[in-house]
2 protein chains.
Amino acid sequence: MEVVPLVMRHIRSEMRTHRMRGLSLPQFRTLIFLNRNEGACLSQVAEHVGVTLASASKVVNALAERRLVIRMTLRNDRRYVSLKLSKLGIATLIRAREDTEAHLAERITELSPEQQVTVFAALLALRGSFADQQAPSNEKER
Amino acid sequence: MEVVPLVMRHIRSEMRTHRMRGLSLPQFRTLIFLNRNEGACLSQVAEHVGVTLASASKVVNALAERRLVIRMTLRNDRRYVSLKLSKLGIATLIRAREDTEAHLAERITELSPEQQVTVFAALLALRGSFADQQAPSNEKER
DNA sequence: TATTGTTATACTCTATAACTATA
DNA sequence: TATAGTTATAGAGTATAACAATA
């Protein structure tokens, strides 16, 4: 409860001060997800980012207006929207990620090698515990 | 970059679904800070929460309107605002914290005892690295 | 003149609810 | 009738810039 917001603050602060090509955190995370899941639909984005469909729609819309994301209607079932990054989106994501990771890495470097190993192990454990949590808590209530 | 937002999402999700007496995360963190630093001024809140003075002013204003925080002008230097929790604020904070911590604890319990130790050590290390980043010059011993 | 805080303005994120389009 | 997505509306958080009050 205490540490996570500290780290979040740092990430956001870095993203602000280094512009990040003007990406907000939800936008950034959406780009990351679409980079690894080309052709995903909006519902999948919403579930992954952990927001409602309506919120995801707005975030994706902003990204589409900036030509970072391409929206296409599926032929099979025209209710679905297929999403993927444009070339500009990919380039933007790469540069944004490099910037932010570099600054996070700087922080981590301040820790001892043992602490770095500990942090890495802990994050893996936390990911295992938290990563699959949004599916049950998000799907059932809709 | 990947795990921290997951945990944040979980915290926020818990806060939403369990109402948290309608506290947002910045409001919650502000109450926590004031609980441990009675009489702190607005600038200290802003620095601790990691936002600008203007943003802190808005958050505190919302808390004051809900009678959770009491604002008082300092006699010595009337530019300063002294902040503290009301009784209602204290009660609200306690219940909110109990709820959220209980749910976080549930998650952590899913990890093995070794993993729990690892997570704890990692959070300590991260706190050491990230906590003083906001206020390198503010070394009060409170 | 410097410092503390507030207000004005503008933007993003977020939710819920109502709506459209498709199946 | 059910599902995917959008739009409308509202509220909170955030920033910068301009302002007020105090020292």
Side-chain angles (χ1 to χ4, degrees), chain A residues 5 8-9 11-31 39-47 49-66 68-69 71-83 134 137-142, chain B residues 5 8-9 11-31 39-66 68-69 71-83:
Chain A
M8 278 300 293
R9 181 196 317 171
I11 293 175
R12 266 193 290 255
S13 163
E14 288 300 340
M15 293 184 71
R16 268 199 300 271
T17 57
H18 295 87
R19 307 278 165 65
M20 290 292 288
R21 324 290 166 188
L23 293 180
S24 71
L25 205 51
Q27 288 172 347
F28 187 42
R29 280 176 53 72
T30 298
L31 293 185
C41 70
L42 190 62
S43 297
Q44 292 174 307
V45 170
E47 183 174 339
V49 180
V51 295
T52 63
L53 195 53
S55 299
S57 181
K58 277 195 73 170
V59 171
V60 166
N61 190 52
L63 292 172
E65 280 180 352
R66 285 173 58 185
L68 302 180
V69 165
R71 271 184 297 203
M72 283 185 306
T73 303
L74 275 194
R75 292 183 190 176
N76 321 356
D77 189 333
R78 297 175 43 172
R79 292 173 300 183
Y80 286 81
V81 174
S82 172
L83 300 166
Q134 78 227 36
S137 88
N138 234 352
E139 264 184 347
K140 62 182 175 188
E141 294 193 8
R142 225 179 314 150
Chain B
M8 278 301 292
R9 180 194 318 172
I11 293 175
R12 265 194 290 256
S13 164
E14 288 300 341
M15 293 184 70
R16 266 199 302 273
T17 58
H18 296 87
R19 305 277 166 66
M20 291 292 287
R21 323 293 164 187
L23 293 180
S24 71
L25 205 51
Q27 288 172 346
F28 187 43
R29 280 174 55 71
T30 298
L31 293 186
C41 70
L42 190 62
S43 296
Q44 291 174 308
V45 171
E47 184 174 338
H48 179 269
V49 180
V51 295
T52 63
L53 195 54
S55 300
S57 181
K58 276 194 73 171
V59 172
V60 166
N61 191 53
L63 292 171
E65 280 180 352
R66 286 173 58 186
L68 302 181
V69 165
R71 270 184 298 204
M72 283 187 305
T73 302
L74 275 195
R75 291 185 188 176
N76 320 358
D77 188 334
R78 297 174 43 171
R79 292 172 300 183
Y80 286 82
V81 173
S82 172
L83 299 166

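The chains referred to below are lettered A, B, ... by the order of the sequence lines, with proteins before strands, and numbering in each begins at 1.
Q44(B) places a side-chain N or O within 3.5 Å of a backbone atom of C41(B) that can act as its donor or acceptor partner. Listed for the S57(A) side chain is no donor-acceptor partner under 3.5 Å among the backbone atoms of L53(A).
Between T52(A) and dT14(C), a side-chain N or O to OP1/OP2 separation shorter than 4.0 Å is absent. When the side-chain nitrogen and oxygen atoms of S57(B) are compared with OP1 and OP2 of dG5(C), none of them lie within a distance under 4.0 Å. A sub-4.0 Å separation between OP1 or OP2 of dC13(C) and a side-chain N or O of R29(A) is absent. Contact check, S43(A) against dT3(D): no side-chain N or O comes under 4.0 Å of OP1 or OP2.
Going from atom CZ of F28(A) over to atom P of dT12(C) covers 18 Å, rounded to whole Å. The nearest whole Å value for the distance from the CZ atom in R71(B) to the C1' atom in dT6(C) is 9 Å. As rounded to whole Å, 16 Å separates atom C1' of dT6(D) from atom CG of L63(A). Separating the CD atom of E47(A) from the P atom of dT3(D) is a distance of 15 Å, rounded to the nearest angstrom. At whole-Å resolution of the value, CG in N61(B) and C1' in dT14(D) are 15 Å apart.
L53(B) comes within 4.0 angstrom of a nucleotide base, judged by non-hydrogen atoms across all strands.
Candidate nucleotides dA15(D), dT12(C), dG5(D) were compared by shortest atom distance to the side chain of S24(A), and dT12(C) ranks first. With dT4(C), dT6(D), dA12(D) as the choices, the nucleotide that has an atom nearest any side-chain atom of Q27(B) turns out to be dA12(D). Comparing dT16(C), dG5(C), dT14(D) against the side chain of L42(B) picks out dG5(C) as the nearest.
Q27(B) and A62(B) get closest at one heavy-atom pair: NE2-CB, 3.9 Å. Scanning all heavy atoms of the two residues, the minimum distance from T52(A) to A46(A) falls at O-CB, 3.8 Å.
A search for salt bridge (Lys or Arg N to Asp or Glu O under 4.0 Å) contacts involving R79(B) returns D77(B), not counting sequence neighbours.
A heavy-atom distance below 4.5 Å is found between the side chains of L23(A) and R66(A).
Within residues 72-82 of chain A, the residues approached by DNA chain C to less than 4.0 Å at the level of any non-hydrogen atom are N76(A), D77(A), R78(A), R79(A), in residue-number order.
Checked by distance alone, K58(A) brings no side-chain donor or acceptor within 3.5 Å of a matching partner on the base of dT12(C).
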Give the C-alpha distance, both sets of side-chain angles, the deciding distance and a yes or no for side chain to side chain contact (heavy atoms under 4.5 Å, CB included) between R71(A) and L83(A). CA-CA 5 Å; R71(A) 271 184 297 203; L83(A) 300 166; 3.1 Å; yes

